[in-house]
*Asks:* 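The structure's right below; bear with me while I get my questions together.
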Amino acid sequence: MDKAYDPKQTEEKIYRLWSKSGYFNPDKLKARNSYAILLPPPNITGSLHMGHALNATIIDILIRCKRMQGLGAICLPGTDHAGIAAQNAVEKELKKNGVSRFDLGREKFVQAIWEWKEKYGHIILGQLQKIGLSADWSRTRFTMDQKYSEEVKKTFIHYYEKGLIYRGERVISWCPRCQTSLSDLEIEYQEEKSYLWYLKYPLVKIPNSKFQIPNSITVATTRPETMLGDAAVAVNPQDKRYQNLIGQKVILPISPYGGSPEGRKNREIPIIADRAIDSGFGTGAVKITPAHDFLDAEIAERHHLPFYQVINGKAQMTKEAGLDFEGLSVSAAREKIVEELSKQNLIEKTEDYRHNVARCYRCQAKIEPLPSQQWFLRMPALAKMAEKDVRSQKTEIFPKKFEKTYFDWLKNIKDWCISRQIWWGHQLPVWFHEPKCVPPQGREKDIVKCVEMKVSLTEPKCEYCDAKFKQSEEVLDTWFSSALWPFAELSKKDLKKFYPSAVLVTDRGIINLWVTRMIFSGLEFLNQEPFAKAFIHPTVLTKEGKRMSKSLGTGVDPLNLIEAFGADATRFGIIWQMMSNQDIRWDETAVLAGKKFCNKIWNASRFVLANKPAGDSADLARGLTRIKKLTPADKKIIKQLEATKKSVGEDIEKFRFGHALRTIYDFFWHQFCDVYIEKSKKQLSTSESKLKTQKILLSILTESLKMLHPFMPFVTEEIYQNFSSKKQKLLITAKWN
RNA sequence: GCACCCUUAGCUCAAUGGUAGAGCGUACGGUUCACAUCCGUAAGGUCGCAGGUCCAAUUCCUGCAGGGUGCACCA
């Protein structure tokens with residue numbers, strides 16, 4: 001053995017050794033019980049970041065530990081097609097050559113993404129191998145595999161036939177850049193400086209009114225351009241200031257004019273009372289734009305107000321906004337409106353205002369709420385099921401504080417908008433027959449049965465004509481397919497063995513996007529929750545406590561760490577910092593400590609192996625309990641080993657990985673190396689205690705390597721290869737008792 | 001606005017109802033015989049602030065401040 005440990009000469013070689021052994025696949029383990037963990041499928045667009053590294057390390061510690069405990073341990077890997085993210089990534093690539101996806105057309109563009117996926121999609125899995133993840137790669141899945149796709153469609157059909165999926169026109173969140181609808185969870189809010197405009201809407205004069213009616217009512221808004229779509233002004237029914245005005249009408253000072261200027265007549269809209277209005281905000285009077293605001297849409301439903309869509313999917317003003325505005329961008333329209341209103345002296349005042357603006361979680365473009373025909377999954381019943389499951393502890397969310405995130409979302413649940421207008425993804429199994437058959441003479445009655453739309457796995461046939469059905473162009477929300485990850489595409493045999501999985505390990509950022517949806521999907525389709533526990537691990541932040549971000553250049557690339565310090569040191573550094581489920585403020589010196597520790601293990605092993613007696617290692621190490629006449633130092637180290645094993649075992653069960661690692665570290669370095677090895681040097685020099693001491697050294701080393709292996713797999717396996725027994729050739733399957 | 005979490009050595013973090021510890025860094029010293037990626041010694045903390053409970057509080061309680069997260073609002 002060399003004087004220093006060199007990860008570069010070791011890691012690839014050892015990983016190949018493991019792969020060749022086939023033990024990542026539990027079929028080879030001949031274990032009675034399984035222990036499965038799903039790898040949260042990274043996006044095909046992803047490249048390894050600290051979050052992946054932490055996640056994979058935790059999963060791998062558990063898998064390696066359970067494998068050594070004799071269970072049929074498996075990590076089920078794969079990748080996610082990442083609808084919007086992948087589409088955006090490839091669009092960006094094409095843009096470099098000045099090509100848009102529309103230039104290519106749908107078929108060719110989707111083909112380009114597939115090619116891109118073949119080329120780059122597997123890279124992240126290779127990176128996970130680099131940090132040592134012992135996943136069963138023979139079972140690698142992809143969320144757009146043919147079988148997976150089929151099951152996604154079957155799921156849609158199941159929900160549809162159960163009446164849980166419906167199609168409807170609703171105000172939804174629309175990303176004008178991605179050109180698609182988004183669900184509530186795909187929106188991020190960002191604080192922004194803006195203004196609150198106080199606009200005066202003149203009241204319609206009523207002759208002979210017994211009340212004193214003011215000239216105008218003032219409404220506060222952050223989006224003056226939406227006034228073109230206003231359908232009412234609303235106040236709280238309790239608001240004393242406006243009692244006289246409820247039921248009166250105001251004149252929209254700028255109205256969407258069409259046609260000739262002579263026909264110009266401003267729209268008159270009512271003043272209504274609605275409980276949703278907060279009388280403390282602004283003037284207590286609010287303009288209601290049903291088509292472009294969620295709350296306004298709700299209020300409009302209650303009051304049967306018309307929806308005027310004045311903004312389109314490209315964030316431009318529509319024809320309905322009137323000839324003066326049609327085609328203008330939202331921001332240009334805003335300027336024009338403000339200018340016009342101030343000309344008319346209808347702006348009472350303007351206030352500085354900070355508020356949260358909704359943005360697309362994939363491209364950061366400003367979201368436009370607008371009415372659109374979409375497909376929805378009815379959530380109340382599913383949400384109830386999911387809530388009950390965690391309330392009854394059938395699925396345990398750990399740490400418990402994250403239960404709140406889960407319950408909060410379920411409590412305020414909205415129907416899930418599952419259709420997306422992008423090209424990359426699972427096309428809806430919905431087929432259109434348009435136009436309907438033209439009934440031949442005398443058969444009108446029969447043909448009435450001809451359907452315009454059919455939900456079906458394969459293309460349906462019309463009973464009355466030869467016209468082909470056309471499949472819906474829309475695709476499903478990526479998370480609709482991710483929700484099926486615990487079971488889709490698994491063979492019946494695998495399903496029996498690996499469902500439910502033991503524990504789900506993931507980040508808090510996707511508790512509801514992913515975890516919650518997996519839970520209700522599992523309950524719905526297999527009548528059992530997909531995992532017994534969901535462990536929400538910490539998030540890796542910068543040293544300053546800020547989010548790591550590639551675009552801001554604040555990210556740390558784990559591959560660089562592996563290159564500089566080795567995979568074991570990187571794993572050590574990550575886990576060393578993972579204490580009590582607080583977020584990690586990244587400190588690279590922990591990786592340095594890991595590198596030093598690798599070397600310490602290496603050199604202590606060199607010492608022990610230089611003093612290894614002849615014979616099979618397994619036999620030598622097992623004889624520990626039979627050794628007589630132990631010295632106090634012998635007894636002490638044996639006792640310390642037992643205590644360490646116990647403590648580490650308990651820590652791992654409770655996901656206290658950082659604590660476990662520090663316990664082993666302290667034992668190995670300070671109790672074993674600093675004290676016992678030093679003492680052993682004397683014991684080795686006398687012939688009566690020599691063999692005993694040699695056996696103890698070998699035994700403690702072997703047990704230490706086993707404990708360390710889940711945390712630092714490469715260096716421990718490499719050392720083990722230098723003295724492995726005929727009976728137990730690999731450390732990965734050595735018994736961890 | 002509501003809820004939860006965090007605040008301990010220069011940095012990143014532990015532990016603990018009764019003399020506060022680690023890693024990294026710093027200073028000084030040592031080491032042919034496993035390891036200079038090593039060993040030893042030292043410096044360095046009124047444990048965020050203000051109250052309270054207790055014989056005793058960094059540890060328990062309350063309030064405040066700063067940082068973070070989730071939810072609601074975001075007209």
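To find a chain, count down the sequence lines: A is the first, B the second, and so on, and within it residues start at 1. No hydrogens, no waters, no symmetry mates; every other heavy atom, side chains included, goes into these values.
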*Asks:* Any strand is fair game: report the nucleotide pairing with B:rC47 by Watson-Crick or G-U wobble, both distances under 3.5 Å, or none.
*Replies:*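 Across any shown strand, B:rC47 pairs with none.
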*Asks:* Distance check needed: B:rC2 C1' versus A:Asp278 CG, whole Å only.
*Replies:*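 To the nearest whole Å, that distance equals 15 Å.
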*Asks:* Taking B:rC4 as the reference, what is the distance to B:rA75 when you measure between their P atoms (whole Å, please)?
*Replies:*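 Per the computed distance, 28 Å lies between those P atoms.
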*Asks:* Tell me which nucleotide, if any, is Watson-Crick or G-U wobble paired with B:rU12 when both distances must be under 3.5 Å.
*Replies:*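 Across any shown strand, B:rU12 pairs with B:rA22.
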*Asks:* Evaluate the side-chain proximity of A:Asp293 to A:Thr226: yes if any heavy-atom separation is below 4.5 Å, no if none is.
*Replies:*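 Side chain of A:Thr226 against side chain of A:Asp293, heavy atoms only: no contact under 4.5 Å found.
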*Asks:* Figure out the CD1/C1' separation between A:Ile299 and B:rC73, and round it to whole Å.
*Replies:*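 The distance from CD1 of A:Ile299 to C1' of B:rC73 comes to 13 Å, rounded to the nearest Å.
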*Asks:* Determine the contact category for A:Lys411: base if any of its heavy atoms lies under 4.0 Å from a base atom, sugar-phosphate if only primed atoms, P, OP1 or OP2 are that close, otherwise nothing.
*Replies:*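 It contacts nothing in the nucleic acid.
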*Asks:* If the cut-off is 4.0 Å, is A:His355 near the phosphate of B:rA75, judged by side-chain N/O to OP1 or OP2?
*Replies:*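 True: A:His355 side-chain N/O within range (under 4.0 Å) of B:rA75 OP1/OP2.
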*Asks:* Hey, does the Lys NZ or Arg CZ of A:Lys336 hover above the aromatic six-ring of A:Phe325, less than 6.0 Å from the centre and inside 45° of the axis?
*Replies:*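 Yes, A:Lys336 sits over the ring of A:Phe325.
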*Asks:* Could you check whether A:Arg517 makes a cation-pi contact with A:Trp416, meaning its NZ or CZ is under 6.0 Å from the centre of the six-membered ring and within 45° of the ring axis?
*Replies:*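 Yes, a cation-pi geometry.
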*Asks:* What is the distance from NZ of A:Lys414 to P of B:rA72, rounded to the nearest Å?
*Replies:*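 It is 6 Å, rounded to the nearest whole Å.
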*Asks:* Give A:Ile511 one of three labels, base, sugar-phosphate or nothing, depending on what nucleic acid heavy atoms sit under 4.0 Å from its own.
*Replies:*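 Nothing: the residue A:Ile511, judged by heavy atoms under 4.0 Å, touches no strand.
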*Asks:* Please confirm whether any donor atom in the side chain of A:Asp408 sits under 3.5 Å from an acceptor in the base of B:rC71, or the reverse.
*Replies:*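 Answer is no: no donor-acceptor pair is held.
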*Asks:* Sort out the partner of B:rU58 for me: Watson-Crick or G-U wobble, both distances under 3.5 Å, none otherwise.
*Replies:*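 Its partner: none found.
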*Asks:* So, A:Asp568 side chain and A:Val715 main chain: donor-acceptor pair closer than 3.5 Å or not?
*Replies:*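 At least one qualifying donor-acceptor pair exists.
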*Asks:* Under 4.0 Å, counting only non-hydrogen atoms across every strand here, what does A:Leu541 touch: a base, just sugar-phosphate, or nothing?
*Replies:*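 No contact.
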*Asks:* Using Watson-Crick or G-U wobble geometry with both distances under 3.5 Å, which nucleotide pairs with B:rU53?
*Replies:*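 The base-pairing partner of B:rU53, which may sit in any strand shown, does not exist here.
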*Asks:* State whether A:Thr589 places a side-chain N or O below 4.0 Å from either non-bridging phosphate oxygen (OP1 or OP2) of B:rG23.
*Replies:*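 For B:rG23, neither OP1 nor OP2 has a side-chain N or O of A:Thr589 closer than 4.0 Å.
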*Asks:* So does A:Glu301 pair up with A:Arg170, basic N to acidic O under 4.0 Å?
*Replies:*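 Not counted as a salt bridge, because no side-chain N and carboxylate O are separated by less than 4.0 Å.
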*Asks:* Which is true for A:Asp666 with a 4.0 Å heavy-atom rule: it touches a base, it touches only sugar-phosphate, or it touches nothing?
*Replies:*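 Nothing: the residue A:Asp666, judged by heavy atoms under 4.0 Å, touches no strand.
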*Asks:* Report the base-pairing partner of B:rU37 (Watson-Crick or G-U wobble, both distances below 3.5 angstrom), or none.
*Replies:*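 The base-pairing partner of B:rU37, which may sit in any strand shown, does not exist here.
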*Asks:* Please check the phosphate of B:rG68 (OP1 and OP2 only) for any side-chain N or O of A:Lys546 closer than 4.0 Å.
*Replies:*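 Yes, A:Lys546 has a side-chain N/O under 4.0 Å of OP1/OP2 on B:rG68.
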*Asks:* Could you tell me the separation between the CZ atom of A:Arg508 and the C1' atom of B:rC4, rounded to a whole number of Å?
*Replies:*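 Distance, rounded to whole Å: 12 Å.
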*Asks:* Report the distance from atom CG of A:Leu697 to atom C1' of B:rC35, rounded to the nearest whole Å.
*Replies:*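 These atoms are roughly 15 Å apart.
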*Asks:* Is a donor on one side and an acceptor on the other found under 3.5 Å between the side chain of A:Asp2 and the backbone of A:Ala4?
*Replies:*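 No; judged by distance alone, with no hydrogens or angles, the pair does not exist.
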*Asks:* Once you round it to whole Å, what is the distance between C1' of B:rA22 and NE2 of A:His659?
*Replies:*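 About 11 Å, once rounded to whole Å.
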*Asks:* Return the pairing partner of B:rC2 with a 3.5 Å limit on both distances, Watson-Crick or G-U wobble; otherwise return none.
*Replies:*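 Across any shown strand, B:rC2 pairs with B:rG70.
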*Asks:* Establish whether the base of B:rA14 is bridged to the side chain of A:Gln582 by a donor-acceptor pair shorter than 3.5 Å.
*Replies:*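 Flag unset: no donor-acceptor pair detected.
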*Asks:* Could you give the OH-to-P distance, from A:Tyr189 to B:rC73, as a whole number of Å?
*Replies:*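 Checked: the OH to P distance equals 7 Å.
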*Asks:* Indicate for each nucleotide in nucleotides 37-42 of chain B, in 5' to 3' sequence, whether protein heavy atoms under 4.0 Å reach the base (B), only the sugar-phosphate (S), or nothing (-).
*Replies:* BSS---
*Asks:* Tell me whether A:Arg334 forms a cation-pi arrangement with A:Tyr195, defined as NZ or CZ under 6.0 Å from the six-membered ring centre and within 45 degrees of its axis.
*Replies:*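 Cation-pi check for A:Arg334 and A:Tyr195: fails.
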*Asks:* Nearest whole Å is fine: how far is B:rC71 P from A:Phe402 CZ?
*Replies:*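 Rounded to the whole Å, the gap is 12 Å.
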*Asks:* If you measure only the distance, is there a donor-acceptor pair under 3.5 Å linking the side chains of A:Asp230 and A:Tyr308?
*Replies:*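 Side-chain D/A pair, A:Asp230 to A:Tyr308: absent.
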